[in-house]
*Asks:* 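Quick one: the structure is below, and I'll ask about it shortly.
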Amino acid sequence: MSDRSIKIAPSILAADFANFGQEIRAVEAQGADWIHVDVMDGHFVPNLTFGPPLVKAIRPHISTVMDVHLMMAPVDPYIDAFAEAGSDIITAHLEAGPHIHRTLQAIRGAGCKAGLALNPGTGLDDMAYLLDMVDLVCVMAVNPGFGGQKFIHSQIDKVRRLREMIGDRPIEIEIDGGITPETAPLMSAAGADVLVAGSAVFKGGSVEDPAPYGENIRKIRMAADGVL
Ligand code: DX5
Ligand code: ZN
């Protein structure tokens with residue numbers, strides 16, 4: 001495998017909410033590279049999930065990377081709580097408020113890697129003065145708020161342009177939403193490093209029968225790596 005082999009980050013939004021600890025351990029044993037944790041506030045997005053206490057509770061079950069995606073506004077008052085909960089990466093949305101520069105500074109200041117997420121309708125122009133402040137850019141290939149939505153193809157071109165903008169900076173490009181074995185190679189070819197997948201990883205399996213998680217991860221990985 002080349003250095004550019006893709007990372008797969010299952011989103012626990014598609015796991016059994018009554019059983020996060022076991023679900024995380026099962027999906028890591030089946031080959032997950034990171035665990036993607038979707039925080040929704042019912043305000044920035046029309047759905048609610050959970051907050052810092054739950055993120056802290058699942059932390060001991062994660063032995064890879066805890067990748068926390070904050071779909072919330074405002075973000076700044078909660079950064080310390082998510083950092084103290086053990087986040088490795090905290091990703092905030094460019095659209096979440098007028099002071100994203102300050103938010104990214106605060107995330108790094110709290111000792112975490114800083115991620116910047118872009119909604120499908122957001123262009124790359126506003127990124128120019130932020131590139132030296134981020135460790136990850138998350139390109140949403142669905143409108144955030146729900147799992148199991150349809151992949152938006154216009155985002156492939158955005159990833160291609162973003163890859164060019166990034167140049168040789170140490171920034172990972174993550175894609176979130178609608179990833180399947182069919183869409184994974186499109187994003188991988190465009191320059192993605194990390195693929196978040198919820199429904200496509202968890203479908204058909206359970207903590208009692210986790211082998212389908214592994215098969216699903218392998219299918220996405222092979223499809224993505226096939227084009228590297
Ligand atoms: C969407 C979330 C995603 C979601 C992806 O708002 O940020 O992480 O779980 O789910 P799938 O892979 O089912 O599109
Ligand atoms: Zn997400």
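Atoms within a ligand are numbered from 1 in the order they appear, just like the ligands themselves. None of the values given here were measured: they were computed from a predicted structure.
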*Asks:* To check your reading of the model: name the closest protein heavy atom to atom 12 (O) of ligand 1, its residue, and the distance in Å.
*Replies:*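 For atom 12 (O) of ligand 1, the nearest protein heavy atom comes out as Gly198 N, 2.7 Å.
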*Asks:* So, Asp38 versus Ser11: side-chain donor-acceptor pair below 3.5 Å or not?
*Replies:*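 Indeed, the side chains of Asp38 and Ser11 share at least one donor-acceptor pair under 3.5 Å.
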*Asks:* Starting from atom 6 (O) of ligand 1, locate the nearest protein heavy atom and write down its residue, its atom name and how far away it is, to 0.1 Å.
*Replies:*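 I find the closest protein heavy atom is Gly145 N, 2.7 Å.
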*Asks:* Give the residue and atom name of whichever protein heavy atom lies nearest to atom 3 (C) of ligand 1, and the separation in Å to one decimal.
*Replies:*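 Answer for atom 3 (C) of ligand 1: Asp176 OD1, 2.9 Å.
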*Asks:* More than 12 foreign heavy atoms under 6.0 Å from CZ of Arg161: is that the case here?
*Replies:*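 It does not: Arg161 CZ has 12 such atoms or fewer within range.
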*Asks:* Would a single hydrophobic cluster contain both Leu94 and Val194, if residues Ile, Leu, Val, Met, Phe, Trp and Tyr are joined by side-chain heavy-atom contacts under 4.5 Å?
*Replies:*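 No, it is not one cluster - the side chains of Val194 and Leu94 are not joined through contacts under 4.5 Å.
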*Asks:* Suppose we only allow N, O or S atoms; which atom of Asp176 ends up nearest to the Zn ion (ligand 2)?
*Replies:*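 Atom name of the closest N, O or S in Asp176: OD2.
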*Asks:* Taking the inter-plane angle between the rings of His69 and His36 on a 0 to 90° scale, is it parallel (under 30°), tilted (30 to 60°) or perpendicular (over 60°)?
*Replies:*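 Aromatic pair His69/His36 classed tilted.
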*Asks:* Purely on distance, is any nitrogen or oxygen of Asp38 under 3.5 Å from one on ligand 1?
*Replies:*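 By distance alone, the answer is yes.
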*Asks:* Between the Zn ion (ligand 2) and His69, which N, O or S atom of the residue is the nearest one?
*Replies:*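 Of the nitrogen, oxygen and sulfur atoms in His69, the Zn ion (ligand 2) lies nearest to ND1.
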*Asks:* Need the atom name: nearest N/O/S atom of Asp38 to the Zn ion (ligand 2).
*Replies:*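 Looking only at N, O and S atoms of Asp38, the one nearest the Zn ion (ligand 2) is named OD1.
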*Asks:* Classify the side-chain pair Thr103/Asp76 by whether it contains a donor and acceptor separated by less than 3.5 Å.
*Replies:*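 Short answer, yes.
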*Asks:* In terms of relative ring orientation, are Phe151 and His153 parallel, tilted or perpendicular, with 30° and 60° separating the classes?
*Replies:*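 The arrangement is perpendicular - the two ring planes meet at more than 60°.
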*Asks:* Does Ser199 approach ligand 1 within less than 4.0 angstrom via side chain, backbone, both or neither, non-hydrogen atoms only?
*Replies:*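 The answer is both, backbone and side chain.
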